[in-house]
Each structure stands twice: as C-alpha cells, then as structure tokens.
J.: 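Here's a structure for you.
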2 protein chains.
Amino acid sequence: MTDQKIAPTRRPLTLRDVSEASGVSEMTVSRVLRNRGDVSEATREKVLEAAKRLGYVPNKIAGALASQRVNLVAVIIPSLSNMVFPEVMTGISEVLDETPLQPVVGVTNYKPEREEKVLYEMLSWRPSGVIIAGLEHSDASKAMLKAAGIPVVEIMDTDGQAIDAAVGISHRRAGRMMAQAILKAGHRRIGFLGTKMPLDHRARKRFEGFTEALAKEGVEIADQEFYEGGSALAKGREMTEAMLTRTPDIDFLYYSNDMIGAGGLLYCLDQGIDVPGQVGLAGFNGVELLDGLPRKLATMDACRSEVGRAAAKIIAERTESGEGGGERIELSPKIEIGDTLKRR
Amino acid sequence: MTDQKIAPTRRPLTLRDVSEASGVSEMTVSRVLRNRGDVSEATREKVLEAAKRLGYVPNKIAGALASQRVNLVAVIIPSLSNMVFPEVMTGISEVLDETPLQPVVGVTNYKPEREEKVLYEMLSWRPSGVIIAGLEHSDASKAMLKAAGIPVVEIMDTDGQAIDAAVGISHRRAGRMMAQAILKAGHRRIGFLGTKMPLDHRARKRFEGFTEALAKEGVEIADQEFYEGGSALAKGREMTEAMLTRTPDIDFLYYSNDMIGAGGLLYCLDQGIDVPGQVGLAGFNGVELLDGLPRKLATMDACRSEVGRAAAKIIAERTESGEGGGERIELSPKIEIGDTLKRR
DNA sequence: GTGTCGTATGTTATCGCTAACATGTTTTTG
DNA sequence: CAAAAACATGTTAGCGATAACATACGACAC
C-alpha cells in the first residue's frame, strides 16, 4: 500500500512518462536522449536522472518511423557453423562499432527460398543497407534488393554480375592458383574432395577454376568424392580413406575446405603416409584451427575478416554521405604453402 | 520518356500505392497481406497481383507501432566463434521457424558493458522475448530485463538465481561429475588447463565444481595453466607441453573446452605418450569436431541444441498464451568416456 | 530603451500502418 | 418479405517518436 506510486501499472514507459517526471516537454526529453540540439546543462541532468530512475528505454520503432531512419544493416549469410562467416561477422562488427549502425544477421542455410524469405523479413524493417553472401540470388530476391533503394554489398565472390557493390575474391581464380601450385610441385594424379551442396556456388566455382587450370596442362582429376552432413573432420578421414583405397596411385588431394582437409591430413599421418612426399594435401580457407595440427595444411586464405570490414565500410560511408554505388573490391587470396605441398 | 509511369520517383512504396493500384482501401490491402479477416477471393487476388507487380514490401516499423506487436526474439550470446553458440542458435531457429517469431542475435564478447549496450539496443526494438546466455548480468541489465515485461530465458547455466525462466545445465555439477569419473579411473596427479577469461562464469563454475569434488577425496590440482587469444588448438598443444615439462608426474589433464583438449591430445600422440595409460585427457562440450580425431577425447555434452530448443519453446508458448513464467529446466550433461579416460 | 540576436524550450503535424468500429451488401431465415 | 445474420469493405483515431517550425527570454549593441 505504501509503494503504490512506485510500481503502478506494467504499461511500457514512453517519452511522456519521462517528460512528466522531469517537468519538461517530450521534445526536450527526446533531445536530451539523442544528444541533439541545445539543451541547458541543468535540464539535461534533470531529464537523464528521471529517465534512469524510471528505467526508460526509448522505443526505436516509433523513432524510426518518425525519423525515417533505421540504423540497422542486414547481414545475410548461408551458415554460422563453418567458421568462415563468424569471421566475416567480426570484420563487419569491427567497422560498424565505430558508427551508429548495427548488424542484424539472417541465416539462409544455402537455400534460395530461405534467402528470399529472410531478405523479405529484413527489408520490411527498412534497414540502412544489406550485406549478402554470394552473387547468385533468385529473381525475386534480386528485384527486392534493387527496389529497396539502399546500399547492397554482395560479399565473398566476385565471379559474376553484382547488383550494386561487391567485395570478395574470385573463387575461380583461387581454384586456378591452387591447381597451378600443385602442378608446379610436380603432382599429376590429383583427387578432389568436397561437399555435395550444389548450391554452394563458391565451392563450385573453385572446382571449375581448378579443373580448368589442370586441363590447360592436360591433367584431369583422377578421382573425386563428395559428402554431406556429419562432422567435417570425420568425413575428411573417411573420404580420404575411400579415395586412397579406390585410387591408390593418387599423389595429391585437394579438399574444398580446411576442415575436411584436416581430417584427411590426420588420416594420412595415422597411416604413416609420407606427406607431402607420397601424397600432397591442400584445403581452402585458412582457418585458425590449422595452426594446431601436427603439420600445417596448405590452404588459401579467403580474406574473410577483410571482406567483412570492406563491406561494412562501404555501407557506412554510403549511409553517411548518400553518395557512391557500384563499388567493386576484388581481394587477392594468398596461398599458404604450409607443410603439405612441396615447395617448387 | 515512354516509361515515365513505370519508374517514377525512388520513393519507397506504401500501402497507399498498392491500394491505389488495386482500387481498394488501404485497410483491405493490409488485410490481404496479413491474411486477416474476410476478404473476397477476387479482391485478394487483385491486391496480391498489384503488390507483387509493384514489388511492395510492407513496412514492419509502422506495422509494429500500430499493432504493438513485434515478432522478434532477442538472442544475446557471448560469442559466435566457439562452436557452442551456433549450435544453440540452430536449436532456437528450429523451434521459432514454426512460429511467427524470428530470432535476432546480439554478441557481447563476454563483456558485461557490451552486454548492457546490446541489451538496451535490442530492448529498444520491443521484442517479444529475450534469450540470454548466463545468469550473471550487471545490475542495470537485470533491471532492464525485469522492467521489459516480456519473457526472459537465461540459458546455459542453472547455478544461480534466474530473473525469469532458465534452461541449461549445472556447470558445477558437470565439473564434479568429471572429477569423480577421473578419480574413479585411478588418477591422482591432475592438471587443469583453461582460458584466462574471468568473465566466463560457466567455465569458472565447472572449475569450482571440479576442485570441490577432488577436495572431497583429498586430491588437489597438481598444476594449472591458462591461455587467452590465438588458435585454441595450438594453445592446447603449447599448454600441454608446458605443463608436462613443468610437472612430469602428471597423470591426467582436464581441459576447460574440447578445442584445447584436442590440441593436447594431438600433442600427446605426437610425443608418443600413452593415452590414457600414461596420461588421461578430458575436455568439455562434446563438439562434433572430436569425431574426426585419431582418438576420441573424453568430454561432457552440454546439450546445446536442446537448450536452444527448450528456450525457444518457452518464449513461443508464453508469447502465444500470455501465461507462464519462471520456468526452470535443468538438463543433465552426459559424460562421454571416449578413448582418453580409462573405464572403471 | 528598443531592436536584434542566440539560446533554450514548446507546438504541431506527420511517419505508415492497424484496431476498432461503422457502413454497405448479400444471404439466410421464420 | 422484413429482420437478422454473415460477409465484405471503408473510416477514424491513434501507436510513440521526431522534423520543422514557432516562441519565450535574457544579453548585448547602439
């Protein structure tokens, strides 16, 4: 009975509550809370005190509607679980933390129809920009992105036509580079191991670049193996075993990602196979994990955090200045020889 | 000149545009787009056609403000990069996909002040519920959560006082269980290896439970080692080497997570150490990665995707019915003996 | 002392949508 | 065939904030 004024209704607080509690207009409260315009030090303190005491949290929904500004950046990626996108996210956050913008993540699981749905949901919140993985999207998705009238950055891939801006590496080129390095090291009987996902366009492009560069030297893939689901490390072991059994004269294994490559490496070491003397190995991505392996797997860095940073920077600058468009940044994947690819 | 009607201004579309294009009121368009109330089949089609043709995407900001409903669930987690939270996320998505609710992720990097900021940001969008990792929060964060008047589920930990609902395991108990299993296997010279993060309360509680259960049998930690930053796998190797050099009579290594445990395991195998004969090993988490290791590391499953599912279910049910509160679900971590802990 | 300026505050009109109610139109029913 | 019920649509009034434009007030110049 004594504290009936302290915890009245469970109605959410509004600017009006703070304004009444501090004896100024709603507008002045709004100004204080946003650090905008001229407010005297005295009222500023009065208002902040009241807001804190009441535990007021502004309603961004109303704010966004009134100001026609939403400080969110939609980030649409296929997966969180493969180590690559978390790192991109880190790069994005790093840059956006310096701005009023905030990333909001949507995950598509490599499914175009999910991408479409996630995109629709996110655009319906009218974000300030979109960062989306890949260049392949459904027509509907592309139409939405074009119609949104906000900066769009497609990341991780530059082999194709971008809607607006693009930041990434050429996976075809990455595949070619790796093929050249492998050929140069003297290998000719080369096997490929990858995922079964036909919708992972970047893996596909790497494979295409790879086979193309081999073909140029008259070499063909000696064997190939694909997996889906399960622990990538374990799958790498299994596939490697299967391939080495089926095609014993193989002298190089190219994996479409580092995780299965690591599994393959562990298998070979277990079996006492001389790496890279008898069989050479290479993966793709440059994940941190590889540092702890008994032998360092050859790989190629996809510049993930750099991609994230560059994409975020484009959105941030464009949001601030309103100028720009169509930026295109192609980063160079760096090959890391490691211990599983012969030098020269 | 000919297509001036097709691409007029770059002004974002509103309900009014669709309403004019289809010759009905805005309200009717709204009803069609939300599948609400009675609309004749004829007008429904007319409206959908117009909306599609124009490429209209509803403005959820306005919708949310008007309806006082926001179908977002704030998910606040410390990190994306350690394999554990992506799996929780998967569980959450699985359940929310069946509902109109949508998860929105915020990352705190284990920093209370960041948690506070992220929470404030998210609450300012007035979500339907909050799923937040851990039971330890700043006073301000707790106050915000209480004042929000929405379902709050604290996940991953049940050792402490929850604000509202809680789903997780007892890390103290997990630590105790592992200690008991290790003692039972006959080990007495036990080393602990973990992260330096004082703010990872769950790791801390596991350690406390662990030492407590050892103490009960008169055993003390023989040596300990902590790391921060870098590749967990590599750090696991380094720390293991350091500890085995410094305290050669150690016969068991307990790692605070599977990744450093895996590093330790690889190191021991490299060195030709008999595992678990000479030295036993155990980690924590039950990450998928372990399946591919040469020997399966003993670990304890934290029921991550189950936690995500249960938490999401609580939010979903409470949002729908408006009833409930204070749910508490303590899951039982299961010990996985693997190949690095002697049986019996 | 009056006019002008600058600072601090208040007022009014949206923002794009939806709840709630009002209105028209058709169908049903006794 | 009138009245009630069922359906289909429209109208009005906010939701909680902010932009843009007042207005009040003291300081200062001349």
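Just so it is clear: chains get the letters A, B, ... in the order the sequence lines come, proteins before strands, and each one is counted from 1. As the structure is a computational prediction, the values presented were derived from the model and not from experiment.
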J.: Tell me whether the side-chain N/O atoms of B:Ser30 come closer than 4.0 Å to OP1 or OP2 in C:dT18.
T.: yes
J.: When the nearest nucleotide of DNA chain D is assigned to B:Ala62 and to B:Val39 on a heavy-atom basis, which residue is associated with the more 5' position?
T.: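 Final value for this comparison: B:Val39.
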J.: Side chains of B:Ser40 and B:Arg44: do they bring a donor and an acceptor to under 3.5 Å?
T.: no
J.: Phosphate oxygens OP1/OP2 of D:dA19: is one of them under 4.0 Å from a side-chain N or O of A:Arg69?
T.: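 Answer is yes, contact under 4.0 Å.
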J.: Would you say the side-chain atoms of B:Ser305 and B:Arg309 include a donor-acceptor pair closer than 3.5 Å?
T.: yes
J.: Whether B:Thr43 contacts D:dT9 is assessed here as follows: a side-chain N or O lying under 4.0 Å from the phosphate OP1 or OP2. Is that the case?
T.: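 Answer is yes, contact under 4.0 Å.
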J.: Taking any heavy-atom pair under 4.0 Å as a contact, classify B:Arg36: base, sugar-phosphate, or nothing.
T.: nothing
J.: Check the distance between C:dC15's P and B:Leu15's CG and give it to me in whole angstrom.
T.: 13 Å
J.: Among B:Arg318, B:Arg328, B:Lys146, whose salt bridge (Lys or Arg N to Asp or Glu O under 4.0 Å) with B:Asp164 holds?
T.: B:Arg318
J.: Any donor-acceptor pair under 3.5 Å between the side chain of A:Arg31 and the base of C:dG10?
T.: yes
J.: Both B:Glu41 and B:Arg126 contact DNA chain D. Taking the nearest nucleotide for each, which residue is further toward the 5' end?
T.: B:Glu41
J.: Using atom CZ of B:Arg34 as one end and atom P of C:dT18 as the other, report the distance to the nearest whole Å.
T.: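 Taking CZ of B:Arg34 and P of C:dT18, I get 4 Å after rounding.
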J.: If we count only N and O atoms by modelled type, under 3.5 Å, do the side chains of A:Thr90 and A:Ser93 hold a donor and an acceptor together?
T.: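 No, because no side-chain N or O of A:Thr90 sits under 3.5 Å from a partner of the opposite role on A:Ser93.
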J.: Is the phosphate of D:dG10 approached by B:Ser25 (side-chain N or O, under 4.0 Å from OP1 or OP2)?
T.: yes
J.: Taking any heavy-atom pair under 4.0 Å as a contact, classify B:Asn59: base, sugar-phosphate, or nothing.
T.: sugar-phosphate
J.: Quickly work out the A:Asp38 CG to C:dG6 P distance and round it to whole Å.
T.: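 Nearest whole value for this atom pair: 12 Å.
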J.: Check the phosphate of D:dG16 against B:Gln68, side-chain N and O only, distance under 4.0 Å to OP1 or OP2. Yes or no?
T.: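 Result: yes.
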J.: Does a nitrogen or oxygen in the side chain of B:Thr28 sit under 4.0 Å from OP1 or OP2 of D:dG10?
T.: yes
J.: Measure the distance from CG on A:Leu65 to C1' on C:dC17 and round it to the nearest whole Å.
T.: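 These atoms are roughly 8 Å apart.
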J.: Are A:Ser138 and A:Glu116 close enough that a side-chain donor and a side-chain acceptor fall under 3.5 Å?
T.: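 Indeed, the side chains of A:Ser138 and A:Glu116 share at least one donor-acceptor pair under 3.5 Å.
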J.: Quick one: B:Leu33 CG to C:dC17 P, roughly how many Å, whole number?
T.: 9 Å
J.: Is there a side-chain polar atom (N or O) of A:Ser40 under 4.0 Å from OP1 or OP2 of C:dT9?
T.: yes
J.: Using a cut-off of strictly less than 4.0 Å, decide whether B:Tyr56 has a side-chain nitrogen or oxygen near OP1 or OP2 of C:dG16.
T.: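 No, outside the criterion.
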